[in-house]
Amino acid sequence: MPLYDYQCKGCQTVFEVRATFTEKEAGLQPECPQCHSKKTRQLLTPGLFFRKSDDGADLTLPACGPNAGPGCCGG
Ligand SMILES: [Zn+2]
């Protein structure tokens, strides 16, 4: 059974959910183990989420603005 990484939108807790493919396709909405909220989202790139620099800066790539040049977002 595959594992999925989810993050709570309320308390930001990241947790793993074990679900079958069938359950996943049915619209799995797991409950946060910390605050029991069902407002959770799946982390599609769990590896990236934890990648922070030593000074705590967020390394998330900036979104492409309307004036983004060619090559941005793969364009
Ligand atoms: Zn929570």
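Since the model is a prediction, treat every value here as computed from it, not as a measurement. Start at 1 and go down the list; that is how both ligands and their atoms are numbered. By convention here, the first residue in the shown sequence is residue 1.
- A search for side chain to side chain donor-acceptor pair (under 3.5 Å) contacts involving Gln29 returns Thr40, not counting sequence neighbours.
- Under a 3.5 Å cut-off, the side chain of Glu23 and the backbone N or O of Thr20 do form a donor-acceptor pair.
- For Lys24, the NZ atom is densely surrounded, since the number of other residues' heavy atoms within 6.0 Å is greater than 12.
- Counting side-chain heavy-atom gaps under 4.5 Å among Ile, Leu, Val, Met, Phe, Trp and Tyr, the cluster of Phe15 also holds Tyr4, Tyr6, Val17, Leu28.
- By the 4.5 Å heavy-atom criterion applied to side chains, Gln42 and Gln7 are not counted as neighbours.
- Near-neighbour remark for the Zn ion (ligand 1): protein N, O or S atoms under 2.8 Å are Cys8 SG, Cys11 SG, Cys32 SG, Cys35 SG; waters not counted.
- In this structure Lys39 satisfies the side chain to side chain donor-acceptor pair (under 3.5 Å) test with no other residue, sequence neighbours excluded.
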